[in-house]
Amino acid sequence: MRLERTLDALAAAALQEALGLDEAPPALIRKTQDPKFGDFQVNGVMALAKRQKANPRELAAPVAERLAALPAIAKAEVAGPGFVNLTLDPAWLGTRLSEDAGDGRLGVDPVETSETIVVDFSSPNIAKQMHVGHLRSTILGQALVQLLRCIGHRVIGDNHLGDWGTQFGLLIVGLRTFGDEAALEADAIVELERVYKAASARAKEDEAFAAEARAELAKLQQGDPDNRATWERMVATTRETLDTIYARLGTTFDEWLGESAYDAMLPGVVGELEAKGIAREDEGALCVFLNELDPAAIDGALPDAIPKKLKKNGTPFIVRKSDGAFLYSTTDIATILHRRDVFDADRSVYVVGAPQGLHFRQLFATVRLLGVDMALEHVAFGQILDAETGKILRTRGGTTVTLRSLLDEAEERAREKIEEQRAEGRLRIADADMDEAVATIGIGAVKYVDLQQNRLTDYRFDFDKMVSFSGNAGPYLQYQYARIRSIFRKGEVDWETPAGAIVPEEPSELTLAKTLLRFGDVVHEAAETYQPHLLCGHLYDVAQAFSRFYTACPVLDAAGLDAEGATRTSRLALTQLSGRQLEEGLALLGIGVLARM
Ligand code: ARG
């Protein structure tokens, strides 16, 4: 269930009835900071009192009375300047939780209006290794696809590969000039990167070389069969490398529509921009100057197409270079039209680093001028910093860290840590299961460390904290999950069958129950605000609340506590729901679990 939403509706109805209003006012429900004051607080009375110039505490009294009479509420008290503190009723809590437990969706009910949403994520560039910047996009994007899908949207995950553009002219000439066939066979991406570096350095000094590269690019774009074959080979070999990384990360896409997929649309897009007066020529290039345009004068433009910030920003959005070449920006406009017309998308979400903020603001404004009213969101994120220096993560040699080496190191650290814990008898993983455990724990740890941050902040990449089996880290949550599974094994209780009715009584049971009941709210909020870290926070709360409960309350040994065994059943059900939320929650984040650790 959606706990907060349900309480909000109950409180709004109580406000309306108690005060004899025509409409239900906003109840403004908040979680209380301190459980001493109950579980939730209704703040709506104060806002109303202010408007009616009434005494808020007097208005609050009949509201509290009505709320107290509801089955969901054990206690409702007027407090402070006029808010109402609510304590949930344990029996009501238990019934709602039992419903969540018996439901395949774990209480995450679907949105009322399901949208078609394209999530554009990962999107690395051909002939270049993925670096850690693409890691965040890949991890965040995958989590967002799953979260949005989980709340009932139709989601299309799209890998908008950088597979078109000026670099290919340089690569074609470069391969011919400096290419080493054996090296290309052995490790294509490393060789392509080397060739690209050499070619771009040469082009800077040698105008004839640069001109040749431009000519080869033009030939490629006009469909020259030789250049096309070379390009196809570069795309295919890069994809092999990408596929191994995606397999390690467990990332999948519904579409792989790279920049090249839109090539045929580009002249038409630019033609329309010109015809409608949205783009004009400047020093030979075709540009959109958003600071000059008035949407009212453009046929079909949305009235609020240009946000204030851009009205003052004179940076042109270039859609065709003076040499006639189209750009990243042109492709992105075509991509939006394709998503609207072919996918019938209601929303397009871009999981791309914060430095591309201006590009997306300009892009969104430009398509609004073309009349596109699809929701468009740049889900930006910060950078990964070195734990020691606090600067952008680099290798000792000063080059950018590749994703491959980062994943290798994460697995290596996970292996060391697991070996250490095994030696101390804290983990029991059989030799035969080690490789699977290392991959699940190591890759899970990388993902968790990335997702647990508010995505907009830069963060320091700390391998030691990352592979920790205590505190807020992936391995800790996986460990708690395995511990729950071992309770079921030990008691010979079937993990797949719902354990039974939940009747929370002890304080630690109540705390755990209230935490678990927030799952639906958290998943919805994390999805709709594109903040997977909210789900990480919840899972950590669950693990901690479970741990306290398990320390305070015997589960398997609770048999003797009552004649019918209801206490044992209830505790088993709480344990099981904790485990299932950990498993399902981690799965939404793209992180696996192990039944034994
Ligand atoms: N290939 C780009 C890069 O590596 C990211 C593309 C993001 N998606 C988009 N539709 N612009 O920076």
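For the numbers below, each heavy atom of this structure counts, side chains included, while hydrogens, waters and symmetry mates do not.
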- Task: May I have the step-by-step check of salt bridge (charged side-chain N to carboxylate O under 4.0 Å, His left out) for R30 and D39, ending in yes or no?
- Result: CA-CA 9 Å; R30 297 276 173 283; D39 302 311; over 6 Å; no
So that I can tick it off, tell me whether [Y] and [X] are bridged by a salt bridge, with the cut-off set at under 4.0 angstrom between side-chain N and carboxylate O.
X	Y	value
R347	E528	yes
R5	E525	no
R339	D120	yes
R428	D433	no
E4	K31	no
E193	K197	no
R413	E416	no
K391	D386	no
E185	R233	yes
D34	K36	yes
R415	D435	yes

Do [X] and [Y] have side-chain atoms, one donor and one acceptor, less than 3.5 Å apart?
X	Y	value
Y540	Q480	no
Q531	T529	yes
T497	D494	yes
R455	H533	no
Q167	Y196	no
S98	T95	no
E255	H160	no

Please determine whether the number of non-hydrogen atoms from other residues, nucleotides or ligands lying under 6.0 Å from atom [atom1] of [X] exceeds 12.
X	atom1	answer
Q33	CD	no
R489	CZ	yes
E492	CD	no

